[in-house]
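What follows is a short report on a single structure.
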Amino acid sequence: MTRERFFIVDAFAHIFRSFYAIRNIDNNAVYGFTMMLRKLIADENPEYLAIAFDTSEPTFRKELYPEYKANRDAMPESLVPQIPLIKEMIEGYNIPMVAMPGFEADDIIGTLAKRAAEQGVQAVIVSGDKDMLQLVQGDDIVMFDPKKGVHYLGEAGIPEFFGCRPNQIIDLLSIWGDSADNIPGVKGVGEKGAKKYLAEYGSLDGIYENLDKITAKRARTGFEEARETIDLTKTLITIRTDLDLTFDKDTYVRKEPDANGLRAFFTRLDFKSLVDATPPKLKRISRDYQLLDTEERLKEVLAEIRDKGFFVFDIETTSLNTIEAELVGMALATEVNQAYYVPLRHEGQDATWSDSAEALLKDVLADTNIIKCAHNAKYDISVLFNLGWDVAGRIEDTMLMSYLINPNEDRHGMDHLAEKLLNYRTIHFDEVAGSGKDMVTFDKVPLDKACNYAAEDADITFQLYDILFPRLKEQDLHRVYDTVERPLIPVLARVENSGVQIDEGYLKTMSAKMAEEIEALEQAIYELAGEEFNIKSTKQLGVILFEKLGLPTVKKTSKTKSYSTDQSVLETLSAKGHALPAKLLEYRMFTKLKSTYVDALPTMICPKTGRVHSSFNQFVAATGRLSSNNPNLQNIPIRTEMGRDIRAAFVPRDGWVFVAADYSQIELRLMAHFSGDDTLVQGFRSGEDIHRRTAGEIMDVDVNLVTDDMRRAAKSINFGLIYGMGEFRLAQELGITRKKAREYMETYFEKMPRVLGFRDEVIEKAREIGEIRTYFGRHRQLPELASRNKNLQAQGERLAVNTLIQGTAAEIIKIAMIRLDEAIREQDLQAKLLLQVHDELVLECPEEEKEVVSRLLGETMEHVVHFEVPLVAEVRTGTNWKETK
DNA sequence: ATCTCATCGTAC
DNA sequence: GACGTACGATGAGATA
């Protein structure tokens with residue numbers, strides 16, 4: 001397409017069309033008009049674009065003829081408020097709107113089209129109104145109806161459309177009149193007549209000159225009667241092309257839409273598809289970040305930091321692994337938009353500089369009078385601790401703030417937060433260091449690039465702090481931040497740095513033994529199946545079990561509705577006497593343990609320390625629990641004997657012992673405290689078996705007469721309460737009928753009514769405020785409670801109860817960890833906290849510290865809070881983890 | 001070759 | 001549809 005095109009849209013024509021065409025959504029005209037506009041831009045990609053509006057002022061036509069459009073109804077009530085929204089939308093797209101008091105959109109279109117054509121730009125009138133056809137001129141001014149898909153109706157198409165020559169359109173329309181605009185035409189002359197007379201006499205003037213030649217009486221009378229009004233009609237019909245408007249390319253050239261504004265606008269109007277179709281456009285302002293590579297400048301900035309008492313820092317290293325990471329540089333930010341990068345050990349840097357710069361930075365980091373802030377501070381301080389640096393004083397963490405504000409969110413990374421909260425696209429790591437096999441370590445990144453990247457990170461962290469810290473206070477999350485999460489950061493850094501020793505030889509031996517067992521099981525399974533197949537493939541296994549062998553289908557998987565082959569299914573099949581499922585269960589257990597633990601753990605041993613350094617993640621679990629990965633040390637087996645053996649591979653260093661303690665029934669104790677239920681409270685206070693006690697209560701028998709089955713039922717209900725278990729699940733778990741399960745639960749609540757009351761109160765409060773708050777003030781939003789979906793609502797109710805209990809338990813053990821760490825350091829003990837497994841802490845210490853550490857551990861854990869019921873920690877020691885049970 | 005999703009199973 | 005929170009191994013299919 002060689003010629004530039006100027007599309008002019010008649011706003012109201014399309015607004016009304018959308019309004020009447022689209023039903024059942026709010027702001028239908030806004031939606032329809034937006035869709036039309038998007039399609040127009042996408043399909044036609046016009047070089048120039050304008051949208052013409054009518055104004056509410058009287059037009060010159062109304063002045064000439066007061067009856068003009070007098071028959072029009074007022075604009076529909078629901079359309080009125082949509083007009084400003086449409087204008088807002090058009091502004092968002094950066095499309096010029098043109099309106100002129102006294103004139104109609106048609107006149108604006110006529111004038112602009114003519115002016116554009118005069119400048120050699122093709123004018124395209126976006127309208128379906130036949131009146132506009134009078135404006136069409138050769139290929140210079142054409143019409144386009146996006147709805148009918150009539151593309152470019154040019155002059156050549158007019159005879160076919162109207163049955164007259166282009167220059168006769170105005171006369172033709174004048175004869176017809178326009179009933180919609182209340183303009184009288186010529187009575188007694190219809191479409192056929194009008195065309196016939198115009199063809200015969202050339203024009204209206206021609207017709208009047210030859211009026212006596214018209215023989216049809218009605219037509220002739222009509223023309224006679226219209227003689228006085230026809231000039232006015234013609235004036236009204238004629239679209240003006242002489243308005244005081246110019247077409248200049250700069251004004252009408254297509255501009256970049258304001259994607260962020262539009263996105264917010266579409267979000268506000270709940271136009272989901274349009275929100276998705278409008279990705280945010282992110283700013284990328286390059287700031288002038290400074291490289292600090294002289295002692296003099298560095299000292300100046302550090303003096304400023306001391307003066308302010310607050311700064312943001314971010315280290316650059318050679319690895320994400322904190323043990324292996326070498327320090328390459330440090331970025332500092334002293335205020336928004338002011339950040340620096342101190343290159344310490346980039347390739348080719350002078351060691352004298354590195355040493356002196358590091359000494360200066362160390363001083364500031366160790367200064368307890370200066371508050372530091374970082375994004376994910378645990379990483380930075382872990383690396384620095386490993387290098388022997390001290391990072392002291394208050395350490396703020398913007399990642400932590402983000403997590404506390406929205407624990408349901410799983411992305412708290414700086415790049416993501418910068419986009420979400422600052423509408424800013426940061427320089428990403430791979431943009432400076434590459435990715436995949438092209439990736440270089442940060443010390444190889446040129447200083448100017450490194451400075452831009454690193455200083456920006458510090459700057460962005462500063463900006464996030466400015467936003468998140470006030471929010472933290474506003475949302476009353478300051479307490480949990482200050483008393484639990486923030487002090488935990490250095491504790492976790494030390495735990496991760498300590499790592500734990502694994503007996504590699506032991507696991508290797510175990511692995512070999514298991515391999516033999518697995519091999520034998522495989523053969524037995526192939527034999528029973530009658531063929532070899534991939535046993536680990538649930539798909540293949542399903543075919544063997546349920547198609548080839550014709551075993552009864554027990555259940556289907558939830559997502560794909562394929563055959564389920566999980567443990568409960570295999571157990572059911574096994575109980576029916578089939579040999580294969582039993583073998584499969586055994587096979588599954590062996591392979592699970594071998595691949596997930598026995599073989600995996602040795603590969604995680606750090607070559608540098610010879611220990612396994614798992615990560616303890618603070619920002620993952622929505623309830624406030626920690627999580628562990630690389631490897632996950634919070635799901636090491638314990639329930640089966642074979643699984644438990646894996647724990648024997650976790651050993652203390654030579655001459656040291658493990659000291660471990662776990663909270664006894666902490667979640668149920670919290671339930672007792674929160675509900676104040678007498679049976680539970682008394683049970684825990686007296687130190688008796690709580691499940692036995694509740695069983696006695698439910699079954700109405702003496703505690704001493706409670707059978708194992710009765711205890712098992714009570715235990716299931718006790719645990720189920722914490723998770724919000726229903727009768728279906730209880731029935732399944734206990735192998736009883738639903739009716740029986742319901743009876744148990746009803747009796748439970750009758751005997752322990754405050755447990756039910758507590759649950760209801762928690763849910764009611766959560767529903768009222770839309771979130772749940774734990775004991776220490778952590779919150780978790782529960783949008784499920786506001787759902788109209790009953791299942792989602794029920795889930796919200798379970799989350800409310802569970803988050804309160806699980807979250808509070810998590811806070812209690814976190815506080816224990818903080819106090820323990822503090823005590824160990826104060827008392828100069830060598831003991832090290834190694835693991836946290838939700839209700840258990842594992843330490844190692846020299847043999848001679850065993851007693852003092854045991855006592856310290858137990859007392860610290862038990863005295864975190866003083867509730868209606870005591871917290872009990874059971875402390876054990878051993879020469880491996882398995883022995884501490 | 002690398003990713004994402006589904007299924008399964010381990011812990012508390 | 002029915003019990004909360006995690007992580008990870010494996011297979012299978014999509015994407016590059």
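What you see below is based on every heavy atom in this structure, not just the backbone, and it leaves out hydrogens, waters and symmetry mates. Just so we're on the same page: letters track the sequence lines, and every chain starts at 1. Everything numeric in this text was worked out from a predicted model, so none of it was measured.
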(request) Could you label the plane-to-plane angle of the A:F758 and A:F674 rings as parallel, tilted or perpendicular, counting under 30° as parallel and over 60° as perpendicular? (result) parallel
(request) For the pair A:F719 and A:H691, name the ring-plane relationship: parallel under 30°, tilted 30 to 60°, perpendicular over 60°. (result)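 Correct class here is tilted.
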Give one of base, sugar-phosphate or nothing for [X], where a contact means two heavy atoms less than 4.0 Å apart.
X      : result
A:I636 : sugar-phosphate
A:V801 : nothing
A:T803 : nothing
A:G720 : nothing
A:S628 : sugar-phosphate
A:K790 : nothing
A:I638 : sugar-phosphate
A:D662 : nothing
A:A809 : nothing

Of all the nucleotides listed ([options]), which has the minimum atom distance to the side chain of [X]?
X      : options               : value
A:S562 : C:dC7, B:dT10, B:dT7  : B:dT7
A:R738 : C:dA2, C:dT5, B:dT10  : C:dA2
A:R729 : C:dC3, C:dA6, B:dT10  : C:dC3
A:K536 : C:dG11, B:dC8, B:dT10 : C:dG11
A:Y723 : C:dG8, C:dG4, B:dT7   : C:dG4
A:R647 : C:dA6, C:dA9, B:dA11  : B:dA11
A:T557 : C:dC3, B:dC8, C:dA6   : B:dC8

(message) Using 0.5 Å steps for rounding, measure from the CG atom of A:L492 to the CD atom of A:Q836.
(response)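 With rounding to 0.5 Å, CG (A:L492) is 8.5 Å from CD (A:Q836).
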Ignoring hydrogens and geometry beyond distance, is a side-chain donor-acceptor pair present between [X] and [Y] at under 3.5 Å?
X      : Y      : result
A:T774 : A:E811 : yes
A:S568 : A:D566 : yes
A:S511 : A:D599 : yes

Measuring to OP1 and OP2 of [N], would you say a side-chain N or O of [X] lies under 4.0 angstrom away?
X      : N      : result
A:N791 : C:dA2  : no
A:R798 : C:dG4  : yes
A:S537 : C:dA12 : yes
A:T560 : B:dT7  : yes
A:Q567 : B:dT10 : yes
A:S627 : C:dT5  : no
A:Q540 : C:dA12 : yes
A:R780 : C:dT5  : yes

(message) Quick check on DNA chain C: between A:T538 and A:L730, whose nearest nucleotide comes earlier from the 5' end?
(response)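 Of the two residues, A:L730 wins.
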(request) Identify whether NZ of Lys or CZ of Arg in A:K740 sits under 6.0 Å from the centre of the six-membered ring of A:Y744 and within 45° of that ring's axis. (result) yes
Between the side-chain atoms of [X] and the base atoms of [N], is any donor-acceptor pair under 3.5 Å?
X      : N     : answer
A:R588 : B:dC8 : no
A:K592 : B:dG9 : yes
A:E733 : C:dC3 : yes

